[in-house]
There are 2 protein chains.
Amino acid sequence: MEKSVICPRFEKAISLLSQRWTALVIYQLLQGPQRFSEIQTSVGISGKVLSDRLKDLEQQGIINRKVIPETPVMIEYSLTEKGASLEPILREIEKWSQCWILPENVEN
Amino acid sequence: MEKSVICPRFEKAISLLSQRWTALVIYQLLQGPQRFSEIQTSVGISGKVLSDRLKDLEQQGIINRKVIPETPVMIEYSLTEKGASLEPILREIEKWSQCWILPENVEN
DNA sequence: AATAATAGTTACTTTATGTAAGTAAGTGTA
DNA sequence: TACACTTACTTACATAAAGTAACTATTATT
C-alpha cells in the first residue's frame, strides 16, 4: 500500500497532528510558553517521547526552544506563528469533544 | 507518566483522531459512502489496518457498515451523524495545510 | 565530597503497524 | 464436478514506535 489520492499537503498536516502526543503538546503550549517538566506533567507523557516530539516540532518550525541559563538550566518551549496558527483546529476538536464525547465513555 | 491535567473529553477526541489513518479514513468518507477497497486504494492503507480502524470507528459510532448482498458481497461504509460532525475539524486542517505546508516540503 | 534540580538519554520491553499470503462465500467457466 | 474470480477480510510474521526505569551532564548548595 502506498500511493493515495488525497492531497499531499493535507496528508502532511494529518501525519503531523496524528503523531501520538503532538496535538496535546501543542494544545498545552497554547496556554503560553512552558518548560520541559511542565509539559511532561500536564500532558502526561514520558520524557523520552516528549524529547522526541519537541525535536520534531522544533525542526518543523512549530515551536521555539529557548535556553534560560539559570541554575539549574531551564528550557522554555513556545509556539511559533506557524504553531499558533494550529489553534483553530484544536478549538474545533475541543468543541466537538464537548458535544460528542460523553463523560461516561471517557476511560481513565 | 499518566495523570494529565487536560480535559479528558478533549483527550479522548485527540486519541481518536491521532490514531494513525483514522482522520484520513473519515476525510475520505466525507465524500460519501464507500466500499472497503475504495477506501483502501484512495487512502493508501493496508487491508489489515483498515479493517481494524473500521471496526473501531463503527464501535465508536462514527461510521455505519452496510452489507450489500450482491455477488460478490460488498460492504458500504458511511459516516454517522457523529462522524459527519467531524467535518469542521478536517476542513480546518485542510485550510491550515494550504497556508502552512509548502509543496516542496511534502515528501513522497 | 555528597546532594539536589532540570533536561534530557540509554537500554530494554511492550504495543502498533506493515507485508504478504491465506480464507470464506457466492458466481461463472471448462 | 473442479477450478478460477471477486470482495472483504484474517493470520503469521517482521519492523517500527512508544512505554518504563535507570542513568548522565551541568551547575550550585550544604
Side-chain angles (χ1 to χ4, degrees), chain A residues 1-4 6 11-12 14-29 32-60 63-78 107-108, chain B residues 1-4 6 11-12 14-26 28-29 32-60 62-78 107-108:
Chain A
M1 284 297 116
E2 17 206 334
K3 314 242 171 95
S4 97
I6 292 173
E11 276 200 314
K12 188 91 196 290
I14 287 288
S15 84
L16 170 73
L17 290 170
S18 68
Q19 273 269 60
R20 198 177 299 186
W21 301 112
T22 294
L24 287 176
V25 169
I26 295 167
Y27 181 73
Q28 192 59 30
L29 289 175
Q34 281 171 67
R35 291 180 302 125
F36 190 90
S37 54
E38 291 181 288
I39 301 171
Q40 199 177 347
T41 60
S42 58
V43 171
I45 185 180
S46 75
K48 177 202 166 195
V49 179
L50 180 55
S51 175
D52 287 352
R53 288 300 175 276
L54 292 170
K55 274 181 211 155
D56 279 5
L57 289 172
E58 191 189 1
Q59 212 206 289
Q60 293 184 74
I63 62 174
N64 285 128
R65 181 178 189 275
K66 181 177 156 196
V67 179
I68 301 172
E70 289 178 13
T71 180
V73 75
M74 291 179 187
I75 314 284
E76 188 186 80
Y77 293 95
S78 57
E107 75 264 342
N108 286 310
Chain B
M1 282 299 113
E2 17 203 334
K3 312 245 171 93
S4 96
I6 292 174
E11 277 199 314
K12 186 91 196 292
I14 287 288
S15 83
L16 170 72
L17 290 170
S18 69
Q19 273 269 67
R20 199 177 298 185
W21 302 112
T22 294
L24 287 177
V25 169
I26 295 167
Q28 191 59 31
L29 288 175
Q34 281 171 66
R35 290 182 302 125
F36 191 91
S37 55
E38 291 181 286
I39 300 171
Q40 198 177 349
T41 60
S42 58
V43 170
I45 184 179
S46 75
K48 177 200 165 196
V49 178
L50 180 54
S51 175
D52 287 351
R53 289 299 175 276
L54 291 171
K55 272 181 214 155
D56 279 4
L57 290 172
E58 191 189 1
Q59 212 207 288
Q60 293 185 74
I62 286 171
I63 62 174
N64 284 128
R65 181 178 190 274
K66 181 177 156 195
V67 178
I68 300 173
E70 288 177 16
T71 181
V73 74
M74 292 178 185
I75 314 285
E76 188 187 78
Y77 292 96
S78 57
E107 75 264 341
N108 286 309

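Convention: sequence-line order gives letters A, B, ...; per-chain numbering from 1.
Side-chain contact between B:Val25 and B:Leu57: present, with at least one pair of heavy atoms (C-beta onward) separated by less than 4.5 Å. Residues B:Ile62 and B:Leu16 have side chains in contact (heavy-atom distance under 4.5 Å, counting atoms from C-beta outward).
Here the shortest heavy-atom pairing between B:Ser46 and B:Gln40 reads C-NE2, 4.1 Å.
Taking A:Arg35 as the reference, nothing meets the side-chain hydrogen bond (donor to acceptor under 3.5 Å, both in side chains) condition, with sequence neighbours excluded. Here A:Glu38 pairs with nothing under the side-chain hydrogen bond (donor to acceptor under 3.5 Å, both in side chains) rule; sequence neighbours left out. Listed by chain and number, the residues in a side-chain hydrogen bond (donor to acceptor under 3.5 Å, both in side chains) with A:Gln28 are A:Gln34, A:Ser42 (sequence neighbours excluded).
Under the 3.5 Å distance criterion, the side-chain polar atoms of B:Arg53 are matched with a main-chain donor or acceptor of B:Arg20. Listed for the A:Thr41 side chain is a donor-acceptor partner under 3.5 Å among the backbone atoms of A:Ser37.
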Legend entry - Where protein sits on nucleotides 25-30 of chain D, one letter per nucleotide: B base, S sugar-phosphate only, - none, heavy atoms under 4.0 Å: --BS--
Inset, instruction - Produce a footprint string for nucleotides 8-16 of chain C: one letter per nucleotide, 5' end first; B if the base is under 4.0 Å from any protein heavy atom, S if only the sugar-phosphate is, - if neither. - result: SBBB----S
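Atom CD of A:Glu76 and atom P of C:dA7 are 10 Å apart (whole Å). When the P atom of C:dT17 is taken as reference, atom CD1 of B:Ile45 falls 9 Å away, rounded to whole Å. As rounded to whole Å, 16 Å separates atom C1' of D:dA8 from atom CD of B:Gln34. Residue B:Arg35 contributes atom CZ, which lies 14 Å from atom C1' of D:dC9 at whole-angstrom precision. Counting to the nearest Å, the C1' atom of D:dA17 and the CG atom of A:Leu50 are 16 Å from each other. Computed from coordinates, the A:Lys66 NZ to C:dT6 P distance equals 18 Å when rounded to whole Å. If you measure from atom CD of B:Glu38 to atom P of D:dT6, you get 16 Å, rounded to the nearest angstrom.
Between A:Ser37 and the phosphate of C:dT6, there is no side-chain N or O to OP1/OP2 separation shorter than 4.0 Å. Phosphate proximity of D:dA17 to A:Trp21: absent, as no side-chain N or O sits under 4.0 Å from OP1 or OP2.
The distance from atom CG of A:Leu24 to atom CG of A:Leu29, rounded to the nearest 0.5 Å, is 11.0 Å.
Computed from C1' positions of five pairs at each end, the angle between the two local axes of the helix from C:dA1-D:dT30 to C:dA30-D:dT1 equals 30°, rounded to 10 degrees.
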Legend entry - Step-by-step side-chain contact (heavy atoms from CB on, under 4.5 Å) determination, A:Leu54 to A:Ile63: CA-CA 8 Å; A:Leu54 292 170; A:Ile63 62 174; 3.5 Å; yes
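Of the options A:Ile39, A:Ile45, A:Ile26, a side-chain contact (heavy atoms from CB on, under 4.5 Å) to A:Trp21 is made by A:Ile45 and by none of the others.
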